[in-house]
Amino acid sequence: MTRAVLVSSSASPAVTEVDVPDPAEGEALVDVTYSSVNYKDGLALALNPGVARLDPLVPGIDVVGTVSALGPGVHDVAIGDRVVLNGAGLGETRHGGWAAHTVVPSGSLVVLPEDVDDAFAAAIGTAGFTAMLSVLALERFVAPGDGPVLVTGASGGVGTVTIALLAARGYAVTASTGRVANDASLRALGATDVVDRTELSDLGKPLQRARWAGAVDSVGGATLANVLSSTRWGGAVTACGLAQDSALPTTVMPFILRAVSLLGVNSVDAPLPLRRQAWERLSTDLDPALLAGVTRTVGLEEAISVGGEVVAGSVHGRTVVAVDR
């Protein structure tokens, strides 16, 4: 048995005791030190059918901890390894990281770089991992000297880490946020300009004044359509979220008249070599002190309430879950 947050259709989310099975073939048992609170975790707490595919379910799409047991056929990790796992069905199709112990698919585990401690890895979490995947995709098309790069949803977990990563590589970053009170914090992360999200949230013309060399979007909907319509010739936009809408009300004009590229980013199913590449870059490109400035730590009980706040868009930065609290 292990202490965990359990969500079910028959009871409100609560901290309780949950059975932990022995790891099967291709699985590893991880003694969890930290997890985090993400948008998907907030949806899982409400048993949103697009996320929660298991009932009951332990939320937590992030796991950071130490491998304590291995199932048959596991060779990529060893007992005693400090590891991180983001996505891979955790907190969706199988129990996740809001637990003291959890069994995970070993094929997606990344052994943490020595200079990344457990708390820092959890602060990065899926949001930071997704941000890094977005930067890796964007920099194939857009160089730091090409012009300003826009980050939408800038006050959220993906947005804050993306700003810090892009600024560290020399990009001029414009942050789009609906929370103007975060202006100073976003500039401290490296943003050179901050715009109100209302400039982008209402659908505009199919082709608008070219403003951005590229963009990282975690909002979707009309915002993404406007970003595409405002991107310069040959630019690129990565898409990794749908906080505004899953629909994309755009035309082909940005693609065929300005050769704009739309790059999808999926952190859940990223293959292991890409996961390793992203975490190696995170260990060198992301300043722990910058992330610490927009990170708070809670226990399992408090994480339950924070999940709803994340979905409501009222949380700035990252929330780490210390499972032993």
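Bear in mind the structure is a predicted one, so any value in this text is a computation, not a measurement.
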*Of all the heavy-atom pairs spanning Ala167 and Val173, show the shortest one and how long it is.*
N-CG2, 4.1 Å

*Mind listing the closest non-hydrogen atom pair of Ser201 and Ala222 along with its distance?*
O-CB, 3.4 Å

_salt bridge (Lys or Arg N to Asp or Glu O under 4.0 Å) involving Arg258 - partner list, sequence neighbours excluded_ = none

*So how far is it from Asp22 CG to Leu70 CG, rounded to the nearest 0.5 Å?*
12.0 Å

*CG of Asp115: more than 12 outside heavy atoms within 6.0 angstrom?*
yes

*Do Val323 and Tyr34 have side chains that get closer than 4.5 Å, going by heavy atoms?*
no

*asked:* Under the criterion side chain to side chain contact (heavy atoms under 4.5 Å, CB included), I'd like the reasoning laid out for Asp287 against Leu291: C-alpha separation, chi angles, the key distance, then a yes or no.
replied: CA-CA 7 Å; Asp287 182 350; Leu291 189 56; over 6 Å; no

*Determine, stepwise, if the pair Thr66 / Val30 fulfils side chain to side chain contact (heavy atoms under 4.5 Å, CB included).*
CA-CA 5 Å; Thr66 301; Val30 176; 5.9 Å; no

_Who clusters with Val20? Use side-chain heavy atoms, under 4.5 angstrom, across I, L, V, M, F, W and Y, and order the result by chain and number._
Leu29, Val103

*So, do Val64 and Val32 sit near enough that their side-chain heavy atoms are less than 4.5 Å apart?*
no

*Can you check salt bridge (charged side-chain N to carboxylate O under 4.0 Å, His left out) on Glu280 and Arg275, steps first, answer last?*
CA-CA 9 Å; Glu280 283 298 326; Arg275 289 175 181 271; over 6 Å; no

*Contacts of Glu199 that satisfy salt bridge (Lys or Arg N to Asp or Glu O under 4.0 Å) - sequence neighbours left out*: Arg211

*Quick check: does any side chain N or O of Ser229 sit under 3.5 Å from a backbone N or O of Pro206, one acting as donor and the other as acceptor?*
yes

*Could you list the residues that satisfy salt bridge (Lys or Arg N to Asp or Glu O under 4.0 Å) with Asp62, not counting sequence neighbours?*
Arg318

_Quick check: do Leu85 and Val83 have side-chain heavy atoms less than 4.5 Å from each other?_
no

*Please answer whether the main-chain N or O of Thr2 pairs with a side-chain N or O of His101 as donor and acceptor at a distance below 3.5 Å.*
no

_Donor-acceptor contact below 3.5 Å, side chain Asp217 vs main chain Val237_ = no

*Going by heavy atoms in the side chains, are Ile124 and Leu286 under 4.5 Å from each other?*
yes

*Give a yes or no on whether the backbone of Gly313 and the side-chain of Arg179 come within a donor-acceptor separation of less than 3.5 Å.*
yes

_Any heavy-atom pair between the side chains of Val320 and Val298 that's under 4.5 Å?_
no

*Check for a donor-acceptor pair, side chain of Arg325 on one end and backbone N or O of Thr297 on the other, with a separation under 3.5 Å.*
yes

*Please name the pair of heavy atoms, one in Gly157 and one in Ala127, separated by the smallest distance, quoted to 0.1 Å.*
C-CB, 3.6 Å

_If I take atom CG from residue Leu166 and atom CG from residue Leu150, how far apart are they, to the nearest 0.5 angstrom?_
10.5 Å

*Can you tell me if Ser305 uses its side chain to pair, donor with acceptor, with the backbone of Glu302 under 3.5 Å?*
yes

*Quick one: closest heavy-atom pair of Gly89 and Val268, and the distance?*
N-CG1, 4.1 Å

*Kindly determine whether Val311 and Leu43 satisfy side chain to side chain contact (heavy atoms under 4.5 Å, CB included), including the steps that lead there.*
CA-CA 7 Å; Val311 174; Leu43 295 178; 4.2 Å; yes

*asked:* Going by salt bridge (Lys or Arg N to Asp or Glu O under 4.0 Å), name the residues that satisfy it together with Arg197, two or more places apart in sequence or in a different chain.
replied: none

_Check: Leu242 main-chain N/O paired with Ser246 side-chain donor or acceptor under 3.5 Å_ = no

*Do His316 and Ser185 get their side chains close enough for a donor-acceptor pair, meaning under 3.5 Å?*
yes

*Is there a donor-acceptor contact under 3.5 Å from the side chain of Asp118 to the main chain of Thr33?*
no

_Is it true that Thr177 and Ser155 share a donor-acceptor pair across their side chains at a distance under 3.5 Å?_
yes

*asked:* Can you tell whether the side chains of Arg3 and Glu17 come within less than 4.0 Å, N to carboxylate O?
replied: no

*Backbone N or O of Val67 within a donor-acceptor pair of the Asp81 side chain at under 3.5 Å?*
no

*Asn86 and Ser267: side chain donor to acceptor below 3.5 Å*: no

Got a list of side-chain donor-acceptor pairs under 3.5 Å for residues 142-149, not counting sequence neighbours?
{"from": "Asp146", "atom 1": "OD2", "to": "Ala143", "atom 2": "N", "distance (Å)": "2.7"}

*Any side-chain donor-acceptor pair under 3.5 Å between Asn38 and Thr126?*
no

*Assess the side chains of Glu27 and Ser106: does a donor N or O sit below 3.5 Å from an acceptor N or O?*
no

_Nearest atoms (heavy-atom pairs only) where Ala239 meets Leu262_ = CB-CD1, 4.1 Å

*Search all heavy atoms of Cys240 against all heavy atoms of Thr130 and return the closest pair with its distance.*
CB-CG2, 3.7 Å

*May I ask you to decide if Val219's main-chain N or O and Thr223's side chain share a donor-acceptor pair within less than 3.5 Å?*
no

